[in-house]
Number of protein chains: 2
Amino acid sequence: MKPQLQIRMNEALYLRNPESSALGKSIIKHSVEMIYAQGIETFTFKKLAAEIGTTEASIYRYFENKHKLLVYLTAWYWGWLEFQISFHTNNIKEPAVKLKRVIKLLTSTVVDDKQTHHINESFLHQIIIAEGSKAYLTKQVGEDNKQQFFKPYKDLCAVIGHIISEVNPKYKYPKSLATTIVEMAHFQNFFMNNLPSLTDFGKTKEESEIIAFLNDLVFSSVKKK
Amino acid sequence: MKPQLQIRMNEALYLRNPESSALGKSIIKHSVEMIYAQGIETFTFKKLAAEIGTTEASIYRYFENKHKLLVYLTAWYWGWLEFQISFHTNNIKEPAVKLKRVIKLLTSTVVDDKQTHHINESFLHQIIIAEGSKAYLTKQVGEDNKQQFFKPYKDLCAVIGHIISEVNPKYKYPKSLATTIVEMAHFQNFFMNNLPSLTDFGKTKEESEIIAFLNDLVFSSVKKK
DNA sequence: TTTATAATAATAGTATTACTATCATAAATA
DNA sequence: TATTTATGATAGTAATACTATTATTATAAA
């Protein structure tokens with residue numbers, strides 16, 4: 001039996017820790033499935049309660065509202081992804097190789113690790129692509145940021161920024177390039193599948209092409225001239 | 001007196017053309033002001049009606065719902081911006097110079113042209129930064145796309161893609177780079193002002209730095225090697 | 001084993017949102 | 001002057017986003 005990977009979560013994101021009970025885990029599991037299937041706009045706590053056979057009131061004991069739940073899921077994802085990245089780039093010395101691996105991990109469809117836990121990472125990956133930016137594109141972004149809700153996202157970007165600086169310490173925009181990589185890994189995927197004329201991958205719809213594009217973009221900029 | 005610049009709008013975006021009446025123009029004007037001030041989430045047709053001294057029912061005669069109104073505003077913005085770009089790059093022959101000018105126009109805070117019309121372009125620019133991607137990050141993106149709601153956005157990206165191809169006909173990802181420029185012009189601005197540790201411009205908060213970053217990014221990639 | 005203590009279920013209720021419908025009236029147009 | 005059209009006034013509905021209360025059940029401490 002594999003040790004369950006636990007992502008350390010900011011306690012201000014929930015009222016009761018969903019990892020602490022069967023109901024909590026069920027809330028997370030079915031939230032992911034339902035938001036994946038119907039999108040965050042039409043998803044409601046009432047529908048979720050019906051789906052898992054509990055009451056709205058019970059769900060509100062775990063999460064203050066839908067926004068907090070979305071932020072929770074995104075924070076979990078970024079924490080999980082940072083772990084994946086540190087795991088898969090662990091013994092790579094060459095920073096350029098490491099950066100390529102990061103781009104691949106960011107862009108590739110996640111395979112759900114069924115053994116590990118109740119969260120379907122593949123669904124969650126799709127949720128992050130379509131809904132992730134809504135977590136911070138709000139008027140409360142300042143408040144939420146003060147409460148450290150975006151720390152996992154910022155930490156991940158910082159890690160990528162550091163790798164960029166390792167590749168070329170003189171490159172002037174490591175942080176902005178890091179966020180560009182992360183956001184574009186997702187946006188190009190969304191566009192490829194939904195507004196294909198906005199990308200150069202509309203024909204094949206291959207993730208490998210997004211990876212090639214990002215590699216070209218990143219290494220052209222970062223490489224010493 | 002300047003000729004009023006009219007942006008040709010997709011008729012499926014509205015029930016009654018808001019440009020055709022004083023009430024319609026008031027709806028647009030105050031929508032922009034209110035969404036700018038309070039964000040799309042807390043903005044409602046009821047509040048808007050109260051603000052402009054009309055009824056909810058009257059507003060619903062112009063727009064089916066809030067989403068359509070947001071899509072209308074974004075479509076207007078992209079149409080307007082494409083006009084700005086064609087105007088300001090009109091007699092530039094050198095494609096690289098043209099591309100630089102485009103990056104500057106995309107990134108710079110718009111100055112409201114008070115003389116021209118009821119839409120405050122400066123507010124609208126901020127709305128596009130914070131809310132623009134919500135216009136297409138939905139489950140109905142396919143439907144909306146079929147109805148051509150995103151044509152102005154796609155047209156603008158196509159124009160930029162063509163300029164990129166003029167700079168280097170052999171560059172492999174003109175479309176994806178075009179969307180990257182457009183999205184990053186906005187996201188870097190949002191991050192700079194709201195989550196500054198994600199960018200390299202948190203200290204100065206200067207738009208000129210975003211422009212420098214994008215120029216470096218774009219020309220490193222596009223230039224023949 | 002009893003008892004305290006949590007957690008959940010069941011139920012009800014409120015304010016707001018997102019609309020739709022109807023009818024009267026004012027303004028524009030033919 | 002008659003008629004079309006836009007708006008205003010008013011009402012109403014279903015769904016959303018919660019909050020509150022009380023009854024049960026499961027768990028864990030004494």
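We use all heavy atoms of the structure for the numbers below, so side chains are in, but hydrogens, waters and symmetry mates are not. Reminder, nothing fancy here: chain letters follow the sequence lines and each chain counts from 1.
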Exercise for the section: If the plane angle is over 60° it's perpendicular, under 30° parallel, otherwise tilted; pick one for His125(A) and Tyr77(A). Expected result: parallel
Exercise for the section: Indicate, with a heavy-atom threshold strictly under 4.0 Å, whether Phe63(B) touches base, sugar-phosphate, or nothing. Expected result: nothing
Exercise for the section: Compute the centroid of each ring, for Phe191(B) and then for Tyr136(A), and state whether the two points are separated by less than 6.0 Å. Expected result: yes
Fill in the blank from the handout: Here the distance between atom P of dA6(D) and atom CG of Asn17(B), to the nearest Å, is 11 Å
Problem - Within 6.0 Å of NZ in Lys46(B), more than 12 heavy atoms from elsewhere - result: no
Completion exercise
Rounded to whole Å, the CZ-C1' distance (Arg16(A) to dT27(D)) equals 13 Å
Practice task
Using whole Å, report how far OH of Tyr14(B) lies from P of dA6(D).
Solution key: 13 Å
Exercise for the section: Indicate, with yes or no, if the rings of His186(A) and Trp78(A) have centres closer together than 6.0 Å. Expected result: yes
Handout entry: Any Ser58(B) side-chain N or O less than 4.0 Å from OP1/OP2 of dT7(D)
Key = no
Practice task
Give a yes/no on whether any side-chain N or O of Ser21(A) is located under 4.0 angstrom from OP1 or OP2 of dT8(C).
Solution key: yes
Practice task
Report yes if at least one side-chain N or O of Thr55(A) is closer than 4.0 Å to OP1 or OP2 of dA10(C); otherwise report no.
Solution key: no
Exercise for the section: Check the distance between dT8(C)'s C1' and Leu15(A)'s CG and give it to me in whole angstrom. Expected result: 15 Å
Problem - Minimum heavy-atom distance Ala135(A)-Asp144(A), with the two atoms named - result: O-OD2, 4.4 Å
Practice task
Round to a whole Å and report the spacing from CG of Leu23(B) to P of dA9(D).
Solution key: 12 Å
Problem - With Glu11(A) via salt bridge (Lys or Arg N to Asp or Glu O under 4.0 Å) - residues at least two apart - result: none
Exercise for the section: May I ask you to verify if any side-chain N or O of Tyr62(B) is less than 4.0 angstrom from the OP1 or OP2 atom of dT7(D)? Expected result: yes
Problem - Between P of dG8(D) and CD1 of Ile27(B), the distance in whole Å - result: 9 Å
Completion exercise
side-chain contact (heavy atoms from CB on, under 4.5 Å) test vs Gln188(B) passes for just one of Ile211(B), Leu214(B), Thr107(B), Ile210(B), namely Ile210(B)
Handout entry: Contact letters for nucleotides 13-20 of chain D, in which S counts primed atoms plus P, OP1 and OP2 and B counts the base, heavy atoms under 4.0 Å
Key = ---SBBBB
